[in-house]
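One structure is given below, encoded as structure tokens.
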Amino acid sequence: MKTKAVILLSGGLDSTTVLYYALSKGLDCYCIIFDYNQRHRKEINIAKKIATDAKAKFKVIKLDLNWNKTSLIGKNKKIPNHKTIKKGYIPTTYVPGRNTIFLSNALAYAETIKAKYIFLGINAVDYSSYPDCTPQYLKAMQQVFKALNNGIEIVAPIEHFSKKEIIQLGLKLNVPYKDTWSCYSGTKKPCGKCDSCKLRAKGFAEAGINDPALK
């Protein structure tokens, strides 16, 4: 019997790479896709497709985070468009407590299905301004899990990778980047202006290839 792993999957570049990394290790992957009243449902639908195409099981968990004052939830709030992305500045796209809430749900699910690992695409290199994407945060959460003595481990394989390195890893794993969605907007095509789009474009440029999602 394969070892079970819970994967936090958003349908973006990072989490999709992590899913394929976990699959490459021969793990039985159970994806969690969160519907937290985010700005658009496109990423939810894309995550479902990615999990289905990867032949991984998936579960959509509905959360109500409407009380958060963030531009990723409020459809009337403007998505920031920074000329440069500065470390240390927390943008309006930060959703307070999101990763902690996600990990708590993943923990409950992992215990239920007797999974050994929880994989997530936290990355603290290209964009470490979110308080819940830092090495300190991840280390603290790992200690919380350890204190529960349930044998479940948090795995963040791309924590210290640049976007270029993540993409290079994904190419080796045949990650379908053409199907992934990183843009903060739910438009037909990526806006190319938001912070997430800029970081993605930077990664593909440094990797020396064109972004297949833009074809």
Practice problem: Determine, stepwise, if the pair Lys48 / Phe58 fulfils side chain to side chain contact (heavy atoms under 4.5 Å, CB included). | Solution: CA-CA 7 Å; Lys48 288 180 181 179; Phe58 71 86; 3.8 Å; yes

Self-check item: Residue pair Tyr20, Leu169: steps toward the side chain to side chain contact (heavy atoms under 4.5 Å, CB included) verdict
Solution: CA-CA 10 Å; Tyr20 274 74; Leu169 171 63; over 6 Å; no

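Across all their heavy atoms, Gly203 and Ile167 have their closest contact at C-CD1, 3.4 Å. Considering every non-hydrogen atom in both Ser196 and Cys183, the closest pair reads OG-N, 4.5 Å. Counting all heavy atoms, side chain and backbone alike, Lys193 lies closest to Lys198 at O-CE, 3.0 Å. The shortest heavy-atom contact between Pro135 and Glu159 is CA-OE2, 3.3 Å. Nearest heavy atoms, Ile154 versus Gln142: O-NE2, 3.5 Å. Closest non-hydrogen pair, Asp179 versus Ile46, comes out as O-CG2, 3.1 Å.
With hydrogens and angles ignored, the 3.5 Å screen pairs no side-chain donor or acceptor of Lys164 with any backbone N or O of Gly208. No donor-acceptor pair under 3.5 Å is formed between the side chain of Ser185 and the backbone N or O of Thr187. Formation of a donor-acceptor pair under 3.5 Å by the Tyr137 side chain with backbone atoms of Thr100 is found in this model. Here the side chain of Glu165 pairs a donor or acceptor atom with the backbone of Ser162 at under 3.5 angstrom. Side chain of Asn123 to main chain of Ile158: a donor-acceptor pair is present (N/O by atom type, distance under 3.5 Å, no hydrogens or angles).
At least one side-chain heavy atom of Val18 sits less than 4.5 Å from a side-chain heavy atom of Pro157. Annotation: side chain of Leu103 is in contact with side chain of Leu8 (closest heavy-atom distance under 4.5 Å). Side chains of Asp14 and Lys163 form a contact here, defined as non-hydrogen atoms less than 4.5 Å apart. The side-chain heavy atoms of Leu107 and Leu148, taken from C-beta on, include a pair separated by under 4.5 Å. Contact check for Pro212 versus Phe204: side-chain heavy atoms found under the 4.5 Å cut-off. Using a 4.5 Å cut-off on side-chain heavy atoms (C-beta onward), Asp53 and Pro176 make no contact. Side-chain contact between Ile152 and Val6: absent, with no pair of heavy atoms (C-beta onward) separated by less than 4.5 Å. You'll find the side chain of Gln38 reaches within 4.5 Å of the side chain of Ile44, heavy atoms only.
Note that SG of Cys31 is 13.0 Å distant from NZ of Lys59, once rounded to the nearest 0.5 Å. Taken to the nearest 0.5 Å, the CD atom of Glu111 stands 4.5 Å off from the CG atom of Asn150. Note that CG of Asn99 and CG of Leu138 are 9.5 Å apart. Values are rounded to the nearest 0.5 Å. To the nearest 0.5 angstrom, Leu65 atom CG is 9.5 Å from Phe34 atom CZ. To the nearest 0.5 Å, atoms OH (Tyr21) and CG (Leu27) are separated by 9.0 Å. Note that the CG atom of Leu23 and the CD1 atom of Ile7 stand 7.0 Å from one another [nearest 0.5 Å].
Annotation for Asn210: atom CG does not count as buried by contact number, only 12 or fewer foreign heavy atoms lying within 6.0 Å.
Between Asp211 and the choices Lys178, Lys189, Lys202, Arg200, the salt bridge (charged side-chain N to carboxylate O under 4.0 Å, His left out) rule is met once, by Arg200.
Ring orientation note: the planes of His40 and Trp181 are nearly perpendicular, at an angle over 60° on the 30°/60° scale.
With respect to Asp35 and Lys62, a salt bridge is recorded, a charged nitrogen being found less than 4.0 Å from a carboxylate O.
Between Phe102 and Tyr36, the distance from one ring center to the other falls under 6.0 angstrom.
No continuous path of ILVMFWY side-chain contacts below 4.5 Å connects Leu214 to Leu13, so the two sit in separate hydrophobic clusters. Under the 4.5 Å side-chain heavy-atom criterion for grouping Ile, Leu, Val, Met, Phe, Trp and Tyr, Leu173 is connected to Leu171 within one hydrophobic cluster.
Side chains of Tyr130 and Thr93: a donor-acceptor N/O pair is present below 3.5 angstrom, by distance only.
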